Amino acid sequence: MGDSSSPPLVLAAASQSSTAEKSGTVATEPAPPPEDPSCPIKGMYRLLDLITEQGSSGLVDKIVIAQESLQAFINALSPGAYSSITRVNFKILDYLLLKPIGVYGSREEIVRFLREMGAIDVEMCVNPSGAAIAQEQTYVLYWPEDTTWDDNAVSTVQRNRVTFMRYLTKLCDQLVCLLSTEHSQAIVWGDEVDDMDDASLDSENDDSDRLYDFMVAKTNEQEENVIARQGFTMNSSRLVNQPPPPNMHIDPSILSPRLLYGETTQGFMTADFRPARATVEPFSHDHQSASQIRLLFEDDVVLCLSETLEDKALKTLMRLGLSTRFPEEYEAWEKGRVEIEKRFQKLLSRRQAEVHVNLEQNSGEIRAKVRESVIGEILRAFPMLRRDGFSSGSRSADSINSGEATDFQFKKERLLILYYLLENYEGLSASQTRSLGDAVLVGRDKQKTLGILKTFAKGEKGGWFSVPWGNKKSPLSKEEAMWRSANNYATTISDSRFLAHIKTIPVNDFLHDAAVECEETAYDCLATQLDSLVSGISQQILSTQKDECDRQVQREVKSDEEKELKISRAEFVRQIEDLCRERSRSAPVRVRKETLQNQEVEYKIHILRLLADQKHNLQLDPSYVPVPVLNERLSQSFHVPSETVVKYAHLLEGDRILLGLVDAQGNVMILLDRLSRIDATIQSRSYAKFFHQDKIGQTCLIAFDESKRMPASLQLPRIPRAIYSAPDGSCVLIVQDEHGERTITAYHWSTFASTRGISVTLPDFPVDLDAALLTSIVNRNNINFVGLDLDTRSCRSVILDITRKATEFTFQERRSKGSGRHGKQTVHNSLIDCHSDVWTRFPVVPAVKRHTITSSSQRQRKTLVFVTDDHRRPFSSHFSDIISAFEKTSRKPTGDELKSIVVSARPFPSFTQQFLSSPDWPVTRFRAGEWLADLLCLIPIHIAITHENRFVPLKDGVVSPQLEKSLLGAEVNRIVDSLSLGWYESIFQSYWASKPVKVVSSMGEQSVGKSFTLNHLVDTSFAGSAMRTTEGVWMSVSPTEDALIVALDFEGVHSLERSAQEDTLLVLFNTAISNLVLFRNNFALSRDISGLFQSFQSSSSVLDPASNPSLFQSTLVVIIKDVIDSDKAEVTREFALKFQKIVQDEQDANFITRLHAGKLQIIPWPVIESREFYRLFSAVKKKLDQQRTSHNTAGEFLHTLKTLMAKLKANDWGAMSQTMAAHRANSLLAILPVALETGYSEVVPEIEPLKRQRPDMPAADREHRLSILRDSWDRAGSRQHVDDSEWISDLVQYLTRLVDLRVGHVDKWLKSNIQRFQAEHASIEELRRTFNSAVIDLRAGVQLCKSQCADCNLFCIQGRFHEGDHDCLTSHECVHDCTFCNQELLAARICGQT
């Protein structure tokens, strides 16, 4: 919603502090007013908001009413006058008077003005934008942007300046311009150019501001290069790492913001975890609680249930009472459901058994393949072994160490110990060798071995296994150390190494025989284990196959079972609905279901967008650095289960997105759709591609773009960290780690792999390059490195100026145009010249004048006071010169409007003394209600757009993606209830609800002056936004004495942004609702009349005018622009002949007859800035006055407008009257219970608790309400003073009279609402039947029992159908003091005792 620099209108109070922050108008009273939360200064209110929305050419500004500030302001004037933007009591406000004074100018002077008023103090930082009030006096402040008063400001700022000055001058007759010394001294006055040549002045002043010089320039011969410079920095509170919420069992990193891929679109994505929760989904549009559902099932009512109800939902309804109401049918359905489940369970078991048999039959083949695979693994581990040595098995491990291999390990260990010892002792004799071998291999005696070693002399020699010596410093004996070393050595040699070298043992009887024995033992060990290993692996494979096949069979059987159960549920629902209709006479009832929503993650996509002016500036100046804008209101979101991961997200042109999702099973889902529909696409599982994990494996590559390309290769010194391709196809950028630093190298495609590349040095860019992305802005050659800096919550970029080896040409302006209308360059003349800009764009004297302010308002002469320390400057004469120049050049009719303005200048002290402190300052007094209504009617509202061949109504003038989602597939009545025309609702529904309405609209080609025409015809303020051209449909209202003139401004037909179907929808809407259609077109470019009016002809066959007599009552006025007097007859004849041909070709289907009742007028319009140009507006006004009023009241027009918009959105081409009658009847049905209960059409505090008494209402509740009615009777306390029969009779008459009054009141209300609809319409008849039934219930609810009380002789005055004993509701004792009752021997007598 705008930013702090948005230009505003504000209200500020002199007696109290008041200011605002943006756009608005404000007021206060002597009593402390409600505070405006959007304004930092108490007593100041912002009335206008400047919001940003996406247009066809980029982000654009849109002015809307600031609803919260408006509420605070109105309720400050009259508490309770504002309940909502659609309900404002202007008539109460008309009892108050306002004296508004418009204030604009330099920021620092406005702050000085507020300080002087006492609104702020020196310490306070001010950013006001609104108006303030001191009793009747109200200051309407226009708070400027930073560059508002710069003559060379961008076009957006200039348009906003003119628009807000238009509002200021329309709302206030007295204006004050606060000028700083700097601004005042910078103004170029008319006398400063007097010394210039008169001829030069005449030529330049008249024409120089329309001459723009451009040239095609040849740039320097460019070489391949890449230069980096600082880009944009955009801050956002969304760019923050969120702490994981409790009970979240997924990777918390998914909650971190991340950039989205995109060559031409930029954005980032945030995530929020949503825990599991219960959700309520309506079966239909009426919501019912669980207890209400139980009551519905208990009553004899018709149930309308969906045949597509899920099993869980239907079981919920059964639990809530449906099974009790239909026990036999439920028992039969339940029995059938159980039989279906049993049958499919048997089928599942049988099919799984068949699969298992087939797998067992193939197990022999699996075992053979496993055996060969295991033997292969053994041979890879022990390549010294022979395949033919495995007669029965082997194993696939590097070690043979198992329970059965103990003998092998022992023999291997002893052989290695013996070898170690022999290698470390030289010169042993044969007997010594044999004795040592016997001790180690045969006797296996350590002590004997140590004794033998003591007799040997140590020697040194090389070894088979490179035998090491023991530790010489060991405290053990040499023999002990040698024995330990030998054991350690034996344990370090692996089985594979031992067997690989066993053949190389030196020829020695003891060693050779022992080695052969070890090898044979190894074969035996492996052979004994191979069969066991193969059997185990085969069983695992078979078990895995069985499990997977079981799951597949279960899925197939479950799917077939669910289909049959679905058919069973549908038949059951149809059966109970038929029974309901047979047994019940009451109306259908709709219920709801409750479901448990599993935990999920909500991803929100935030698109970075540029303002339209930023795009324009970047196209003209490639060095310009635009800062994208994040509009969270336009962000789109989608939801996925928490276990589903977003692996890839890529933004595409046309607001589309490519998503790659991976679910918990590893399945890959590819989706491609528009951002606005991606959530619905995910929920409906409308995947572009779906890949099962079991088919693609754990890792895969998926190519979205399958176009063929020429391959190229590049040799890199190391694996790169990241690779980026320039969006314009100029080069590839490679990120690498080099000497501990991250570097970027660019390789141009034209010289790819033939150069060493260009090293790119980045400026300050505190972003991890691995996480950065390469994208382009506006044009593909405007390349940016973009990354997220979460520490500073910002999105940063580095601009890469990439040049190729080529000669380029540019189209550029030769020189900048001066902004002043004088011969000298101006800087801040817009502080005065802004008035001329307002007169140029908007009318000074319109053809249709507003008559909002009644004669009781005291209008004063218009004044303009310039307040500045440099007050001796020629303000008055300069302003007169501006008026004269404007009247001379524009030739607009001005009357005395401009010349009657009194212009003066004052120093600030004098201004505060003579004006602010003086009660005699002549300021126009307005009625507050009418002044506010005039403000609301000044602001055009955006009511509809066309998008993707659809008609899209807007709510409160703002595009709402959430509303669009909620209305997908909605029926017309629901759409009508969802629509709101914002601040115009209260105008149409209450303040001027009884006034007739005439609708004038403007259509035509783009940029032919459609908005300009409406502004000058009916005094509207269209084109007040920053949009260069109108988009969609805008509406404004001009109140007159006789009627409300509704003006509709349409976007141009046949534009590049719109399809033929979208043009047809706009034309249909226009011709159906309007009384006068102005179609402007260029004569020179629009001679193909049949093509130009094709959208009219296409729309003529959609809605049948015969079925919609209240629509299509307009006259088509074709305005041919820029026709000189000598050509007007010929041009008119040419157009008439072409329209004649259309009629001849289409006959009774021609659009002139069907859409405009055969009425068409052609006006060859003169060229602009001629006197004849503006004189014709009076002729068009007369044509508008002659049009028949098709909308008798404003309330009727509002209903018709909303219904038509809803029908276009829902593509409902039925009769309009039928739809409106159905909607009105449904609306009245919803209000009827409240109307009968309270006598009001909305829920208000109960004045009289008269309720419709339903059979399902608890008895205690009915009796309580009846007791309140009895107690309201003024004779309730006289019961025991009159005959009880007479008293009861009078009470019954009283209650009956109350009911009659209420029924008559509601009946009159119903008749007034349905009198314009046919009485035989089905919805109207249903409404009448419901009302009559409610009246019967209401009368039955006040009938008394009148039986004798159980405790005395008085009558029972409880309800006729009360529960329990009869009760007269008294103390049952006589209240009279008489001798009979006071006898001591007698007890107190009961009432009525004789």
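Keep in mind that this is a model prediction, so the values were computed, not measured.
A donor-acceptor distance shorter than 3.5 angstrom exists from the side chain of Asn667 to the backbone of Gln693, with no hydrogens or angles considered. Side-chain N or O atoms of His942 include one that pairs as donor or acceptor with a backbone N or O of Glu1031 at under 3.5 Å. Of the possible donor and acceptor atoms, none in the side chain of Gln266 sits under 3.5 Å from a partner among the backbone N and O of Leu259. In this structure, Ser363 contributes its side chain and Leu359 its backbone to no donor-acceptor pair below 3.5 Å. Of the possible donor and acceptor atoms, none in the side chain of Ser725 sits under 3.5 Å from a partner among the backbone N and O of Val732. The main-chain N or O of Gly262 is found under 3.5 Å from a side-chain atom of Thr775 such that the two form a donor-acceptor pair.
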For Val629 and Arg609, what are the C-alpha separation, side-chain angles and deciding distance, and is it a side-chain contact (heavy atoms from CB on, under 4.5 Å)? CA-CA 5 Å; Val629 176; Arg609 306 178 189 271; 5.6 Å; no
For Gln552 and Arg555, run side chain to side chain donor-acceptor pair (under 3.5 Å): C-alpha distance rounded to whole Å, both residues' side-chain angles, the deciding distance at 0.1 Å, then the answer. CA-CA 5 Å; Gln552 178 63 28; Arg555 285 194 293 267; 2.5 Å; yes
side-chain contact (heavy atoms from CB on, under 4.5 Å) between Ile607 and Leu634, intermediate numbers included: CA-CA 8 Å; Ile607 304 297; Leu634 301 179; over 6 Å; no
Salt bridge (Lys or Arg N to Asp or Glu O under 4.0 Å) evaluation trace for Arg337 with Glu334: CA-CA 5 Å; Arg337 185 183 66 82; Glu334 181 65 19; 2.3 Å; yes
Worked check of side-chain contact (heavy atoms from CB on, under 4.5 Å) between Leu661 and Val646: CA-CA 5 Å; Leu661 309 179; Val646 180; 3.7 Å; yes
For side-chain contact (heavy atoms from CB on, under 4.5 Å), just list the numbers for Thr792 and Thr233, CA-CA rounded to whole Å, side-chain angles, deciding distance to a tenth of an Å, and then say yes or no. CA-CA 10 Å; Thr792 61; Thr233 299; over 6 Å; no
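Partners of Ser686 by side-chain hydrogen bond (donor to acceptor under 3.5 Å, both in side chains), not counting sequence neighbours, listed by chain and number: Ser684. Here Asp791 pairs with nothing under the side-chain hydrogen bond (donor to acceptor under 3.5 Å, both in side chains) rule; sequence neighbours left out. Looking at residues two or more places apart in sequence or on another chain, you find no salt bridge (Lys or Arg N to Asp or Glu O under 4.0 Å) involving Glu354. Residues passing the salt bridge (Lys or Arg N to Asp or Glu O under 4.0 Å) test with Glu600, sequence neighbours excluded: Arg277. Taking the side-chain hydrogen bond (donor to acceptor under 3.5 Å, both in side chains) definition, one finds that Thr743 meets it with nothing, sequence neighbours left out. Applying the ring-ring contact (aromatic ring centres under 6.0 Å, His included) test to Phe273 and every residue at least two apart in sequence or in another chain returns nothing. With sequence neighbours excluded, no residue satisfies side-chain hydrogen bond (donor to acceptor under 3.5 Å, both in side chains) with Asp694.
In this structure, Phe572 and Trp333 have parallel ring planes: the angle between them is below the 30° cut-off, well short of the 60° mark.
Side-chain atoms of Phe232 and Ile777, non-hydrogen and from C-beta on, do get closer than 4.5 Å to each other. At least one side-chain heavy atom of Cys795 sits under 4.5 Å from a side-chain heavy atom of Leu239. Side chains of Gln545 and Asn362 form no contact here, defined as non-hydrogen atoms less than 4.5 Å apart. A 4.5 Å side-chain heavy-atom check between Pro245 and Leu255 finds at least one atom pair inside the cut-off. A heavy-atom distance below 4.5 Å is found between the side chains of Leu774 and Leu800.
Atom NZ of Lys546 sits in a crowded spot, with more than 12 heavy atoms from other residues, nucleotides or ligands closer than 6.0 Å.
Here the shortest heavy-atom pairing between Phe765 and Ala772 reads CE2-CB, 4.3 Å. The two residues Leu716 and Gln736 come nearest to each other via the heavy atoms CB-OE1, 4.3 Å. Lys604 approaches Ser635 most closely through the heavy-atom pair CG-CB, 3.9 Å. Closest non-hydrogen pair, Pro720 versus Ile734, comes out as CB-CG2, 3.5 Å. The minimum heavy-atom distance between Gly231 and Ile799, with the atom names listed, is CA-CG1, 3.7 Å. Residues Ala1206 and Leu979 approach most closely at N-CD1, 4.3 Å, considering heavy atoms.
Under the 4.0 Å criterion applied to side-chain N and carboxylate O atoms, Arg551 and Glu548 are assigned as salt-bridge partners. The pair Glu562-Lys566 fails the salt-bridge criterion, with no side-chain N (NZ, NE, NH1 or NH2) lying under 4.0 Å from an Asp/Glu carboxylate O.
Residues in residues 656-668 take part in no salt bridge (charged side-chain N to carboxylate O under 4.0 Å, His left out) pair, two or more places apart or across chains. For residues 718-730, the salt bridge (charged side-chain N to carboxylate O under 4.0 Å, His left out) pairs, not counting sequence neighbours, are Arg721-Asp737, Arg721-Asp770, Asp728-Arg804. Under the salt bridge (charged side-chain N to carboxylate O under 4.0 Å, His left out) criterion, the residue pairs touching residues 236-251 are Arg238-Glu632, with sequence neighbours excluded. Pairs of residues two or more places apart, or lying in two chains, that qualify as ring-ring contact (aromatic ring centres under 6.0 Å, His included) and include a residue from residues 641-671 are Tyr261-Tyr648, Tyr648-His650.
Test Asn358, Thr544, Val355 against Cys549 for side-chain contact (heavy atoms from CB on, under 4.5 Å) and you get one pass: Val355. The one candidate from Leu773, Leu630, Leu651 that meets the side-chain contact (heavy atoms from CB on, under 4.5 Å) condition with Phe268 is Leu630. For the side-chain contact (heavy atoms from CB on, under 4.5 Å) criterion with Leu672, the lone passing option out of Leu659, Ile657, Leu652 is Leu652.
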Would you tabulate the side-chain donor-acceptor contacts of residues 636-644 under 3.5 Å, counting partners in other chains and residues two or more places apart, or write 'none'?
residue : atom : partner : partner atom : Å
His639  : ND1  : Asp679  : OD1          : 3.3
Ser642  : OG   : Gln599  : NE2          : 3.2

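Here OG of Ser794 is found 5.5 Å from CG of Asn235. Values are rounded to the nearest 0.5 Å. Rounded to the nearest 0.5 angstrom, Lys615 NZ and Asn779 CG are separated by 10.0 Å. With rounding to the nearest 0.5 angstrom, the CZ atom of Arg685 is 11.5 Å from the CG atom of Leu671. Atom CG in Leu565 sits 11.0 Å away from atom CG in Asp560 (nearest 0.5 Å). One finds the CD1 atom of Ile366 at 7.0 Å from the OG atom of Ser538 (value rounded to the nearest 0.5 Å). Atom-to-atom distance recorded for Ile537:CD1 and Ser373:OG is 7.5 Å, nearest 0.5 angstrom.
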